[in-house]
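See structure below.
Small disclaimer: the values here were computed from a predicted structure and weren't measured.
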Amino acid sequence: MTKPIRLGVNIDHVATIRNARGGVHPDPVRAAELAATCGADGVTAHLREDRRHIRDDDMRRLKDEIGLPLNFEMAATAEMLKLATEIAPHACCIVPENRNERTTEGGLDVAGQHNFIAPFVRELTDAGIRASLFVDPEREQIEAAKSAGSPVIEIHTGAYYEATFATDPARIKHELEKVRAAASIADGLGLEVHAGHGLTFMNVQPVAAIPEIVELNIGHFLVGEAVFMGLGEAIKEMKRLMQDARTGGHY
Ligand code: PXP
């Protein structure tokens, strides 16, 4: 039986726009409320060390005021672990973080940092939070995520996005194949498989059609498209495209 696919709406860049002027408008929590009424299955927010978009209080309000599962993205630091265990979101996705990057540039090196990541995953699990590790579509990283005790991985689709952006069919095929193979390896190991980064109306369907992937986390494109069609309509259209791809509809 085909597994359903969920859409996690990442509202970081609503906060980016708010912070461009200071003040409180637009409110990322209001965006999350809207997402909840337009078909989102979860809300994702990344609390960065430099607080460039989401702030501590946003994360607390998202947990307290929104009925959807909250996916707290964060770096593996003691500061973030303390906040996550206080706020108690549904899930925490561990990502690598580099102060000078514009966005999360690559997956976590779980294989190289196993002795550091495994206890981190254990602390989250002990606190009742579902851990997820954001990894590149590589066997070594997926096997390391499994052995670190994570129940979930999120596959970084950034290289696939870059290929679609370059409109290079051979590269698109190659990168998509890597995502497909990674999803199959992870599922075979009993991991729950999510994916995200750089997904748009134009490139989401081949990823949504991969049967092992049960959740996509999408942010930047939806917030950008909100300028033209409104956030609610953008979320509804993304969900429609995902579901059509899943059921073999128009894809
Ligand atoms: N998943 C993870 C782990 C991310 O770090 C990001 C980017 O913040 C996303 C998904 C969403 O990527 P985008 O904003 O490009 O849709």
Side-chain angles (χ1 to χ4, degrees), residues 1-10 39-44 69 71 73 91 93-95 103-108 110-111 130-146 150-222 225 234-251:
M1 207 188 80
T2 318
K3 295 181 203 168
I5 188 157
R6 302 188 296 265
L7 170 61
V9 173
N10 180 316
D41 302 289
V43 169
T44 297
N71 178 26
E73 261 184 42
C93 181
I94 312 302
V95 300
T103 180
T104 313
E105 281 171 353
L108 201 60
V110 192
R130 205 161 155 74
S132 166
L133 301 178
F134 190 46
V135 294
D136 287 325
E138 290 166 10
R139 177 184 285 278
E140 186 193 19
Q141 297 299 342
I142 296 162
E143 288 176 347
K146 172 72 184 175
S150 185
V152 182
I153 59 155
E154 181 166 328
I155 300 173
H156 194 315
T157 51
Y160 166 70
Y161 159 74
E162 296 287 345
T164 61
F165 190 68
T167 58
D168 174 341
R171 218 173 117 196
I172 294 171
K173 190 163 176 277
H174 175 72
E175 294 301 340
L176 187 61
E177 213 35 68
K178 282 173 70 178
V179 175
R180 214 177 263 136
S184 166
I185 292 166
D187 186 67
L189 292 170
L191 294 165
E192 183 173 308
V193 190
H194 303 174
H197 202 91
L199 297 176
T200 70
F201 290 161
M202 290 70 77
N203 67 16
V204 73
Q205 289 200 301
V207 178
I210 298 171
E212 295 88 355
I213 296 178
V214 297
E215 180 174 308
L216 298 181
N217 286 300
I218 307 180
H220 182 267
F221 178 82
L222 290 173
E225 203 56 22
I235 292 168
K236 285 183 200 164
E237 176 62 4
M238 188 62 86
K239 190 78 189 278
R240 186 190 69 74
L241 290 167
M242 286 165 56
Q243 282 173 335
D244 273 8
R246 195 59 153 208
T247 53
H250 303 306
Y251 168 63

- Item | By side-chain contact (heavy atoms from CB on, under 4.5 Å) - contacts of Ala144 (at least two apart) | Val110, Ala111
- Query: Is there a side chain to side chain contact (heavy atoms under 4.5 Å, CB included) between Ile172 and Tyr160 once you walk through the steps?
  - Reply: CA-CA 6 Å; Ile172 294 171; Tyr160 166 70; 3.9 Å; yes
- Taking only residues at least two apart or on different chains, which pairs with a member in residues 158-168 satisfy salt bridge (Lys or Arg N to Asp or Glu O under 4.0 Å)? none
- Can you name the residues that form a ring pair (Phe, Tyr, Trp, His ring centres under 6.0 Å) with His197, not counting sequence neighbours? His156
- Task: Please name all residues satisfying side chain to side chain donor-acceptor pair (under 3.5 Å) with Lys146, sequence neighbours left out, ordered by chain then number.
- Result: none
- Note on the structure: By side-chain contact (heavy atoms from CB on, under 4.5 Å), Ala182 pairs with (sequence neighbours left out) Pro137, Ile142, Ile155
- Item | Residues that Thr200 engages under side-chain contact (heavy atoms from CB on, under 4.5 Å), provided they are two or more places apart | Met202, Asn203, Phe221
- Search all heavy atoms of Gln205 against all heavy atoms of Leu241 and return the closest pair with its distance. NE2-O, 2.8 Å
- Message: Once salt bridge (Lys or Arg N to Asp or Glu O under 4.0 Å) is applied, what residue pairs with a partner in residues 183-192 remain, sequence neighbours excluded?
- Response: Lys3-Asp187, Arg6-Glu192, Arg130-Glu192
- Quick check: does any side chain N or O of Arg246 sit under 3.5 Å from a backbone N or O of Ile210, one acting as donor and the other as acceptor? yes
- Residues passing the salt bridge (charged side-chain N to carboxylate O under 4.0 Å, His left out) test with Lys178, sequence neighbours excluded, are Glu175
- Note on the structure: Across all chains, not counting sequence neighbours, the salt bridge (charged side-chain N to carboxylate O under 4.0 Å, His left out) partners of Glu225 are none
- Item | With sequence neighbours excluded, residues passing side chain to side chain donor-acceptor pair (under 3.5 Å) with Asn71 | Thr44
- Under 6.0 Å from the CZ atom of Phe165, do we count more than 12 heavy atoms belonging to anything else shown? no
- Item | Contact list for residues 131-141, test salt bridge (Lys or Arg N to Asp or Glu O under 4.0 Å), sequence neighbours left out | Arg139-Glu143
- Query: How would you list all residue pairs meeting salt bridge (Lys or Arg N to Asp or Glu O under 4.0 Å) that involve residues 195-212, not counting sequence neighbours?
  - Reply: none
